[in-house]
Amino acid sequence: MAGVWKRLWYDKTEQEGSTQTWDSTDESATAPATPTPSIRPVAKKNIGIFSATAMGVSLMMGSGIFSTPASILGLVGTPAMALILWGLGAVVSFGGATAFIELGLMYRRNGGTMRFLAHAFPKPKLLLSYLFAWVMIVCIRPGAIAANGPVIGKYWLYAVGVTSNSGWQARGVGFGCITSITAINILSAKWSLRLINLLTAVKIVVILVIVVTGIVAAAGGVRVEHNDNWSRGFEGTKGDAHAYASALTKVFWAYDGFTNLVYSLGELRRPERNLPWSIGGSVVIVGVLYILANAAFFIVVPIDVAVNSEEILAAEFTFRVFGDSVGRIALPILIGFSVFGAICAQTYGVSRLLDSANEVGFVPYGRMICGNHRRLGTPVASLLMMYGLSLVYLLAPPPGKVFDLLVDFVQWSTWLFYGLAAAGAIVLRFTKPHHPLRVFRSFHPLNALFIIFCIYITVFPFVPPTDKAEETPYPFYLSPLLGLITTILGVIPWYFRLDWWPKKTGINLIAWTEEEEAEDTGIEPEEQLQTGQISECNNREGNNWQISAPIMADDEPQQHIVR
């Protein structure tokens, strides 16, 4: 038992040091006597298999399983159909997970999907890779963090007896949680990982309590109000395509998180073993627990009560089973901490993505705002930027169904690029069939299924719903439209950064993909050598490449030395 606790609290891999640090963050510093062969960030291998799995499980089992079952039930009409969607989400997500495992083992650096898209779809000028980094940093992650914050508030306010008119109160609690998580991530990467590990264990225990309680209630061991949730079967199931698209969006929101590890791949130890087990295992674990938890919810809570409970269905469940002391106080507090852990995992991952975007030159003057703090060893500026954006999403939307608005908003862009990344795995199988780091091969039919569902949940939200009875504070198309507009707006900075600026200065900001692959695989980019775009430099590995374009004084040197 002591060994398990030690592994949970202090992963032995974390003893090796903090997360990635820049070789130099002060561009005015005096150059060393002996020039270093490269200034790319050195990523310390501080993530073991336990922390790797926890990063996926912690994010997937955040607010989704506690906050979306009620709305999904309302959209499809019956618990039986809702359970089918949860099972379908597990199968489809596993298909996507296998694609990300294959890509992650091929490109083992921080940045994840940003790098995958750059290698799979390099034309035109890394547009898809840039747009993903744009929406992930500007829209997806800060919006998701802002959506999770009020969920914590609702559960904790429910625990203290506040059950109505808690919109702004919940946001206030969310504000405090997001602020404290940002502070923890700034002060220590090690403690951030420890907190993720600890809260992952807490949320698994919470889900197991719900599952076991539901089984006991079904067997008659716990007295609960009788309902016909399961005896009705599919009677009352709805057939609205828009409603199913919205329901699937919320299901995939709950499964979103299995990709969280890929943004920190440069910090993962033994990726050949740990990446497949952590990503694939997290989807399997979460899928089984989700299905059992939903079955438990609907065994205990009647349909009409479940639909009206909105984001606090789990609290309603525990109240009906355990009463005030546990059901209304203890378990809702634990559920709030579960969502707290999800925000911590989101914050950790997106800060690494922002630093990777800086590393490859996507961020103008990136070294002035990104990189790790010399003493703390954490990306302070990146974390503060994400903190500010998250507060905008938290406080700007009007009171009411802010959660549903944010969920649909951030999910549209999320699954658009996840589908493109899975397609990239298929494309790379043909364009680079003999890639030396492809040590894992995903199953193409499962990848295709994942891509089809990604298309479905990005197209059908624009289809008008057939049920006009329900009044919403915003048009049905607003959330996906905002996601689409945000994505398209990224073309403007992409043009100026990767097209106009290189033409003006002669600096190549897209050659890093081939040069990075040459360094990782040991295969020289012969076509680039013939054109004179890059020249060979000597280092201990013999595979370091330098861009021939002159270093411009009004841009950062990091973008001219390719890692």
> Is the backbone N or O of Gly111 less than 3.5 Å from a side-chain atom of Ser356, with the two atoms forming a donor-acceptor pair by type?
Replying inline: yes
Could you label the plane-to-plane angle of the [X] and [Y] rings as parallel, tilted or perpendicular, counting under 30° as parallel and over 60° as perpendicular?
{"X": "Phe116", "Y": "Tyr107", "value": "tilted"}
{"X": "Phe450", "Y": "Phe258", "value": "perpendicular"}
{"X": "Trp86", "Y": "Tyr255", "value": "tilted"}

> What are the two closest heavy atoms between Gly149 and Ile343, and how far apart are they?
Replying inline: N-CD1, 3.9 Å
> How far apart are the closest heavy atoms of Ile329 and Ala159, and which atoms are they?
Replying inline: CG1-O, 3.5 Å
>> side-chain contact (heavy atoms from CB on, under 4.5 Å), that's the test. Do Ser180 and Phe340 meet it? Break it down for me.
In response: CA-CA 10 Å; Ser180 61; Phe340 189 94; 3.6 Å; yes
> How far apart are the C-alpha atoms of Phe100 and Tyr418, what are their side-chain angles, what is the distance that settles it, and do they pass the ring pair (Phe, Tyr, Trp, His ring centres under 6.0 Å) test?
Replying inline: CA-CA 9 Å; Phe100 278 84; Tyr418 283 0; 5.7 Å; yes
>> Which residues pass the side-chain contact (heavy atoms from CB on, under 4.5 Å) test with Pro461, not counting sequence neighbours?
In response: Ala245, Pro480
> Mind checking what makes side-chain contact (heavy atoms from CB on, under 4.5 Å) contact with Leu478, not counting sequence neighbours?
Replying inline: Leu405, Tyr474, Pro475, Leu482
> Is it true that Arg352 and Glu359 make a salt bridge, defined as a side-chain N closer than 4.0 Å to a carboxylate O?
Replying inline: no
>> Restricting to salt bridge (charged side-chain N to carboxylate O under 4.0 Å, His left out), what partner residues turn up for Glu316, sequence neighbours left out?
In response: Arg320
> Please walk me through it: do Ile279 and Val262 pass side-chain contact (heavy atoms from CB on, under 4.5 Å)?
Replying inline: CA-CA 9 Å; Ile279 292 183; Val262 301; 4.0 Å; yes
>> A quick test of your reading: do over 12 heavy atoms of other residues, nucleotides or ligands sit less than 6.0 Å from CZ of Phe94?
In response: no
